[in-house]
Amino acid sequence: MTLEHLDIGKDAEIVSVNTSENMKKRLLDLGLVPGTKIKPILSSGEKEFVAYMIRRTLIAIRKEDAKKIIVREIYD
Amino acid sequence: MINIGLIGNPNVGKSTIFNGLTGLHQHTGNWPGKTVTKAEGIYVYKNKKYLIEDLPGTYSLTAKSKEEEVTRDFVYFNNYDLLIVVCDAVCLERNLNILIQILEVTNKVILCVNMMDEAKKKSIIIDTNKLSNILGIPVIETSTKDKSSLKKLKETIYNFKEKDVLKIKYEEIINNSIDIIKNDFPNLKEKMYYDLLSYDRNLIEKLTEQYDYNDIVNSVSKAQDYLYNFGIRKEEIPYLIVSNITKKAESITKETVIFENEDYDKKERLIDKILTNRLTSVPIMILSLLFIFWITISGANVPSEFLYNFFFSLEEPLLNLLNFLHLPDVIVDVIVYGIYRVLAWVVSVMLPPMAIFFPIFAILEDFGFLPRIAFNLDKYFKKCASCGKQALTMCMGFGCNAVGVIGARIIDSKRERLIAILTNSLVPCNGRFPALIAIITIFFVSSSFGSAFILTLVILFSVFMTFIISKILSKTLLKGEPSSFTLELPPYRKPQFLKVIIRSLLDKALFVLARAICIAAPAGLVIWCLANIHVGDLTLLKMCSNFLNPLGEAIGLDGTILMAFLLGFPANEIVIPIMIMGYMALGNLVDVGNLSELKNILVNNGWTITTAICFMIFSLIHFPCMTTVLTIKKEIGLKWSLCSILIPFIFGIGICFIVNNILSVFI
């Protein structure tokens with residue numbers, strides 16, 4: 001599934017990142033490589049801008065980019 | 001002299017450590033991107049002299065924006081004796097990424113694990129000795145409250161000796177492909193080969209200063225082709241390299257950090273929910289504005305009155321002194337009624353609101369509220385095809401538009417950065433606030449709360465206009481789609497009240513005083529000359545204001561007001577004093593005193609409610625002050641700095657014209 005569809009508070013891990021090149025670099029800087037855990041925490045608008053917990057920091061990403069990030073939900 | 005660079009992720013407290021080491025007062029705030037240019041400072045310890053540079057925060061050495069280039073160029077190309085890497089103890093793992101990258105460049109590194117007090121509060125335990133052993137570099141625990149930690153840091157810097165440090169062991173095929181580039185370009189820093197292998201465009205561009213572009217690209221392609229033989233496509237290479245780094249950071253954290261309470265951020269998430277909630281976020285933002293203005297206005301009344309009386313009581317002695325020196329009457333007039341009174345006005349009316357507004361704003365900044373504002377507003381900025389970080393540059397603009405313009409470097413997209421720069425002056429800076437407050441108090445409501453309420457509406461209008469003009473720009477001059485970006489929402493921090501209040505008071509108050517004296521005094525002189533040089537029957541001043549009068553009246557103002565804005569180009573603080581001098585020199589000589597006397601002058605010169613409204617609109621939307629225009633020219637060039645003058649000027653004239661005509665129907 002894409003990150004955009006992950007519900008607030010659900011844990012998932014990154015499968016692949018298919019955003020624009022610059023955004024890929026930005027996300028890489030934050031350590032967003034396949035396998036990294038990610039969890040949506042806050043949402044602004046209709047998930048237009050969502051803040052995710054990534055490596056214990058809160059990073060907000062726009063819906064357009066979240067659509068291009070594939071994740072796998074982790075069920076406990 | 002020993003050269004030291006201070007480096008780390010954004011918002012980990014580098015500037016605080018810099019200030020602690022050097023005793024300088026680089027501004028600090030709890031949001032990523034507060035420092036976008038490098039600051040230098042010197043300190044002496046045990047007879048050794050240290051030059052220390054506070055570099056803009058960055059998440060990696062792969063530069064994507066201007067401010068990150070500053071840091072990367074320093075690490076790759078400067079001659080330094082030592083790098084101090086500052087990490088946030090609360091999220092050490094992510095912070096270690098940049099440290100590990102830097103260890104690939106140099107062994108001359110000391111690690112500061114900062115915000116240890118915050119970590120302790122959140123029951124995060126860090127074994128810094130073990131960390132030091134693993135990394136092979138000295139590790140110091142620091143926190144803003146613990147002064148002794150700075151001493152320890154200085155001692156560690158003093159005793160620093162280079163040792164072998166942790167290096168990542170990459171897969172053999174990666175090493176082989178690196179060797180291919182190394183063969184062609186043997187003199188680069190180790191980490192740069194990995195950046196080249198990942199095809200870091202920005203770095204390749206930088207290297208063309210020394211090497212041939214085609215040579216670099218060919219060499220990189222050879223290395224990438226080598227990896228392709230093993231089934232690794234070139235777009236996978238960056239991930240492969242970074243995975244090695246993040247895995248290392250993960251394993252180091254596992255060995256050295258214990259989270260005793262996994263719910264350590266529960267309270268923060270609750271505050272976040274309230275501040276960013278769909279229903280509560282906007283009211284909270286507006287109410288906080290209202291609250292700040294209310295405190296500012298009600299608190300400023302008494303000191304304003306006091307300062308004015310104080311300056312007024314000095315006028316007579318000053319007059320006597322100048323007469324005693326036997327100066328010609330005209331000169332005494334100029335000094336006392338021109339320069340001195342303008343200064344007295346600027347200081348007594350401007351200083352108190354600034355002295356109250358800035359500390360309160362700085363406390364909000366320290367707390368971590370501003371990034372949440374950017375988060376909440378992004379959806380509106382997206383509709384204007386710009387980005388939420390523009391909200392941060394607008395917040396800086398409240399202090400000084402020139403600072404807001406430089407601050408726009410945190411925006412990656414060139415187009416969106418231009419929009420943020422060109423619209424920054426729509427947010428009233430500290431030089432314009434007091435004038436707005438004065439006009440509101442005179443013409444609308446005299447109660448503090450009422451004034452604060454109207455001022456809030458004025459600010460909302462300026463924010464609204466920022467959206468409108470941003471939108472128009474992105475449909476015309478700066479056509480484009482909203483770009484991608486990430487925004488970090490940092491942990492909340494308890495503001496250091498006393499320190500913030502004293503710092504912002506001293507820095508701002510002194511700065512404003514100095515600027516007022518530097519600019520108001522010569523402006524007083526110019527006005528006096530204009531008022532006293534006759535051409536035919538008219539004074540130059542009268543001629544100028546007559547010339548501007550038709551335009552002025554068409555937009556609800558008058559010639560003198562327009563001239564005051566033009567002459568106030570060097571600094572917005574002096575628009576009202578110039579205007580008053582202009583009115584007085586035109587023959588309506590009245591004693592300028594407190595606000596009720598100011599009202600008399602304005603009303604005697606034909607001011608109405610419409611004039612007041614148009615004045616406020618024009619004050620928000622005209623052209624940036626000279627400092628800001630020069631800054632814009634430096635940041636993005638002459639052409640755009642001219643646009644930054646013309647765009648708001650045209651909009652300001654247009655809106656005032658419309659408002660004036662609509663109001664004239666009713667009033």
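Throughout, a chain's letter reflects where its sequence line sits, starting with A, and its residues are numbered from 1.
- One finds a salt bridge joining B:E250 and A:R55 here, because a Lys/Arg side-chain nitrogen approaches an Asp/Glu carboxylate oxygen to under 4.0 Å.
- The pair B:K64-A:E21 does not count as a salt bridge, with every side-chain nitrogen at least 4.0 angstrom from each carboxylate oxygen.
- Contacts between B:D412 and chain A at a heavy-atom distance below 4.5 Å involve the side chain alone, from C-beta outward.
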Check the pair A:L30 / B:T486 against side chain to side chain contact (heavy atoms under 4.5 Å, CB included), numbers first and verdict last.
CA-CA 10 Å; A:L30 301 169; B:T486 56; 4.2 Å; yes
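- With a 4.5 angstrom heavy-atom cutoff, B:N97 touches chain A only via side-chain atoms.
- Side-chain contact between A:L28 and B:Y59 is absent, with no heavy atoms from C-beta onward closer than 4.5 Å.
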Working for side chain to side chain contact (heavy atoms under 4.5 Å, CB included), residues B:R269 and A:I41
CA-CA 8 Å; B:R269 294 297 79 85; A:I41 304 285; 3.6 Å; yes
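- Cation-pi geometry between A:R56 and B:Y264 is not met at under 6.0 angstrom from the ring centre and within 45 degrees of the axis.
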Could you give me the CA-CA distance, side-chain angles and deciding distance for B:F485 and A:F49, then say whether ring pair (Phe, Tyr, Trp, His ring centres under 6.0 Å) is met?
CA-CA 10 Å; B:F485 77 105; A:F49 204 36; 5.4 Å; yes
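- A distance of 4.0 Å separates CZ in A:R62 from CG in B:D378, rounded to the nearest 0.5 Å.
- In this structure, the side chains of B:V242 and A:L32 stay at 4.5 Å or more apart for every pair of heavy atoms.
- We find that A:R26 and B:E68 are joined by a salt bridge, their nearest charged nitrogen and carboxylate oxygen being less than 4.0 Å apart.
- Side-chain contact check for A:K25 and B:T62: no donor-acceptor pair (N or O, by modelled atom type) lies under 3.5 Å.
- Defined by atom type and a distance below 3.5 Å, a donor-acceptor pair is present between the side-chain atoms of B:S484 and A:D65.
- There is no contact between B:E236 and chain A, counting heavy-atom distances below 4.5 Å.
- Neither the backbone nor the side chain of B:E268 has a heavy atom closer than 4.5 Å to any heavy atom of chain A.
- Between A:E64 and B:K382, at least one side-chain nitrogen of the basic residue sits less than 4.0 Å from a carboxylate oxygen of the acidic one, meeting the salt-bridge criterion.
- Using a 4.5 Å cut-off between heavy atoms, B:S413 makes no contact with chain A at all.
- Within the 4.5 angstrom heavy-atom criterion, only side-chain atoms of A:L27, from C-beta onward, approach chain B.
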Quick one, A:T57 with B:D88, criterion side chain to side chain contact (heavy atoms under 4.5 Å, CB included). Give me CA distance, side-chain angles, the key distance, then yes/no.
CA-CA 11 Å; A:T57 44; B:D88 181 349; over 6 Å; no
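- Neither the backbone nor the side chain of A:T19 comes within contact range of chain B, judged by heavy atoms closer than 4.5 Å.
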